[in-house]
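This report refers to the structure that appears directly beneath it.
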2 protein chains.
Amino acid sequence: MDLRQLRYFIGVAERGGFGAAASALNIAQSALSRHIKELEHELGGALLTRTARGVAVTESGKVLLERGRWLLGLVDDIKAEVRTENREPSGTVRLGAPSSVAEIFYPPLARLTAERFPRVQLELGEALTELACDRLLRGQLDLAIVTAPQPNDHLAYETLVIEQVFLIGPPQDPLLKRGRMTVNDVKRLPRAILPLSRTPFPTEVPFFVRVESSTPMKRIVASGLGYALLPYSGIYQEIEAGRLSAALLPWMRAERVLAVPRGRPISRATHETVALLKEICSELIHDGIIRTAQRASAPTGRPDRPRR
Amino acid sequence: MDLRQLRYFIGVAERGGFGAAASALNIAQSALSRHIKELEHELGGALLTRTARGVAVTESGKVLLERGRWLLGLVDDIKAEVRTENREPSGTVRLGAPSSVAEIFYPPLARLTAERFPRVQLELGEALTELACDRLLRGQLDLAIVTAPQPNDHLAYETLVIEQVFLIGPPQDPLLKRGRMTVNDVKRLPRAILPLSRTPFPTEVPFFVRVESSTPMKRIVASGLGYALLPYSGIYQEIEAGRLSAALLPWMRAERVLAVPRGRPISRATHETVALLKEICSELIHDGIIRTAQRASAPTGRPDRPRR
DNA sequence: TGCTTCCCATCTCGTTCCGAGATGGAGGCG
DNA sequence: CGCCTCCATCTCGGAACGAGATGGGAAGCA
């Protein structure tokens, strides 16, 4: 049994004749006749009784008529349902980002996701590059924002933004008041504080503390115990509040990279989340919260698979 | 959307790949690929995510998978339902017959219908030829058993049985004891009682009472008030009980005819009822309750429309 | 009764759709 | 780096489908 045959049968039954149904269905009467005949053969009996002026529906035809109308309605419902499901991404996106990025990206991401994709659930975790990549490979994350990741065949990278890096210290620190510093300036620092992640900044800097999260790092710096390297987005609130001061390191960059696992399907929800993150990034740049060293253009790792 | 496409999609989704599904569905992988693609185009989005070793079902695909399985089950249910509906006739059959025929045909008809066609409802009315034909034409009856009806283009006739006619009188009546009577014998009858119907018996017989129903007729005859003409089936109980006596009129016949309206569809239930009536008739002849003058062979009126 | 009209069944032909096989690209795996 | 698996695409032959013409049966009408 075919939906087309069902539609034809219902048309003939409703209009009481092959000819009338043929013109209404935009099909030849002969084709109708043949389809109904085939349907009757498959169902093992007459569905219509042919008379000199039209057709009458048999008892079994009445059953098929009623059920068939219902079935066609169901088909339409299902199509509509799948279509809206397709229009609206859904499912869960598990995202990982370092705490400094999470701090500024997660609030607008949550707001935009709720607004535009109400059927998407977010799981927003905090993880530095190594842990995030590991979780991506284990399938515990769908998407991560990392910094200078190891090249990996099972991960696809796409540069989100390249940020300027600042040396930060206590307010009114004399070392920072020039606004920008050279490599040698930094190498002569008495006490540097770096993130725990091993590969955040490409330049060798002597350190005496590594900290995982940016908040304690900033507290340590604010207390005057040392200097730290951070992009502007991680410290803009403290700078504006006067709790920290900073000097640009023009020769240094922090590259924020989106990472997704390769060889595993990427859900539409994840794709939309990527789009949202790019949008948020642009907004943050526009608002001056992110200061870019260079606009993202070429991907760092292997190119992401093309969007369909 | 087509049921075939749906079946293919479910096959691919369940087996996790085009190739596996292709061999299971006995179809080429290329055809599967094309159908799924078409379905995805119609539903406005991807249903499957293609990976290097198979497919993954997207969110919308999951919806379609669930609904589609349900829909295919429904289709099978509907097919089965229509098929049994086709195997078992159903609906209402409205039958009319004169009371004498009703008396002996209706009980076995009701029993056989209940046994074999439990979904058929019977409406068993009593009507003589004229009224029955009128009701057939008005669409108030589906089928009637009549006697010597007027030819009518809107009615189709089929002879059921031709019965012998008997002259009946009180028990041990002297006129009847010879067992058979000639035309002149009947014409000299003192008091004849005939059915109300105008054309039951083709021979002119003087009468003084016409009665519609056979039961009062037989009571009148039993009381010795006159003689009546009836086929044996109408009086066999009274003959066996000794309440009446009868003499065969070999020159006279009563033809029982099945009548159905022409130009209106005849339901399967009506067809089956006709078959049952013929079967009952044979049984009654075999049991000696109906005495035939001649087996039914050629139809009286225009031939019934052929069975499909 | 004969004619007309209406309606459906059947036949035939051209188009479309569908399925099969071959080929190629992408990714996984040793 | 080569091999294997899996899917997409191309092309071709066959089946299904739709359109038009034809014919038969029944109803309506004169």
Side-chain angles (χ1 to χ4, degrees), chain A residues 1-5 7-9 11-13 15-42 46-57 137 152-156 260-266 302-306 308, chain B residues 2-5 7-9 11-13 15-42 46-57 137 151-156 260-266 302-306 308:
Chain A
M1 190 165 76
D2 190 353
L3 290 186
R4 167 169 27 186
Q5 295 172 337
R7 279 185 242 274
Y8 287 170
F9 166 72
V12 173
R15 284 171 176 78
F18 284 72
S23 57
L25 295 171
N26 291 320
I27 191 183
Q29 173 259 328
S30 58
L32 266 188
S33 180
R34 192 170 44 185
H35 278 295
I36 301 292
K37 186 181 175 184
E38 189 180 340
L39 190 59
E40 286 177 325
H41 179 73
E42 182 181 358
L47 299 170
L48 300 171
T49 308
R50 280 76 163 171
T51 72
R53 66 174 149 228
V55 297
V57 183
L137 293 172
N152 188 318
D153 276 352
H154 297 87
L155 294 178
V260 293
R262 298 172 70 84
R264 191 150 52 93
I266 297 175
R302 297 174 63 177
D304 194 10
R305 70 175 51 195
R308 190 163 297 276
Chain B
D2 189 352
L3 290 187
R4 169 170 24 190
Q5 295 172 337
R7 278 184 242 274
Y8 288 171
F9 167 71
V12 174
R15 284 171 177 77
F18 284 73
S23 57
L25 295 171
N26 290 319
I27 192 184
Q29 173 259 327
S30 59
L32 266 187
S33 179
R34 190 170 47 189
H35 278 294
I36 301 293
K37 186 179 173 184
E38 191 180 339
L39 190 60
E40 286 177 325
H41 180 74
E42 181 182 0
L47 300 169
L48 299 171
T49 308
R50 281 76 163 171
T51 71
R53 65 175 150 227
V55 296
V57 184
L137 294 172
N152 188 317
D153 274 354
H154 296 87
L155 295 178
V260 293
R262 297 172 69 84
R264 189 149 54 91
I266 296 176
R302 298 173 62 178
D304 193 9
R305 71 175 50 194
R308 187 164 297 274

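The sequence lines fix the lettering, A, B, ..., with proteins before strands; numbering per chain opens at 1. No hydrogens, no waters, no symmetry mates; every other heavy atom, side chains included, goes into these values.
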Whole-Å gap separating P (C/dG21) and CG (B/L32): 14 Å
Nearest-angstrom distance from the residue atom CZ of B/R50 to C1' of C/dG24: 17 Å
Side-chain N or O of A/K37 closer than 4.0 Å to phosphate OP1/OP2 of C/dT10: yes
Length of the line joining A/R15:CZ and C/dC7:C1', which is rounded to integer Å: 17 Å
Minimum-distance pair of heavy atoms, taken over all atoms of B/P261 and B/L155: CA-CD2, 3.9 Å
Interatomic distance, B/R262 CZ vs D/dA26 P [rounded to whole Å]: 7 Å
Interatomic distance where CZ belongs to A/F18 and P belongs to D/dG18 [whole Å]: 14 Å
Separation of D/dA27 P from B/N152 CG (nearest whole Å): 11 Å
All ring pair (Phe, Tyr, Trp, His ring centres under 6.0 Å) counterparts of B/Y8, not counting sequence neighbours: B/H35
Side chains of B/I36 and B/L48 in contact at under 4.5 Å (non-hydrogen atoms): yes
Salt-bridge present (A/R4, A/E38; N to O < 4.0 Å): no
Side chains of A/L137 and A/N152 in contact at under 4.5 Å (non-hydrogen atoms): yes
Distance below 4.0 Å between A/S33 side-chain N/O and C/dC8 OP1 or OP2: no
Salt-bridge contact B/E40-B/R50 (side-chain N to carboxylate O under 4.0 Å): yes
Nucleotide-resolved protein contact map, nucleotides 15-20 of chain C, B/S/- at heavy-atom distance under 4.0 Å: ---BBB
Non-hydrogen atoms of A/A13 and A/V57 that approach each other most closely: CB-CG2, 3.8 Å
N or O in side chain of A/R53 less than 4.0 angstrom from D/dA26 OP1/OP2: no
Length of the CG-P vector between B/L137 and D/dA27, whole Å: 12 Å
Spacing between B/I36 atom CD1 and D/dC6 atom C1', to the nearest angstrom: 15 Å
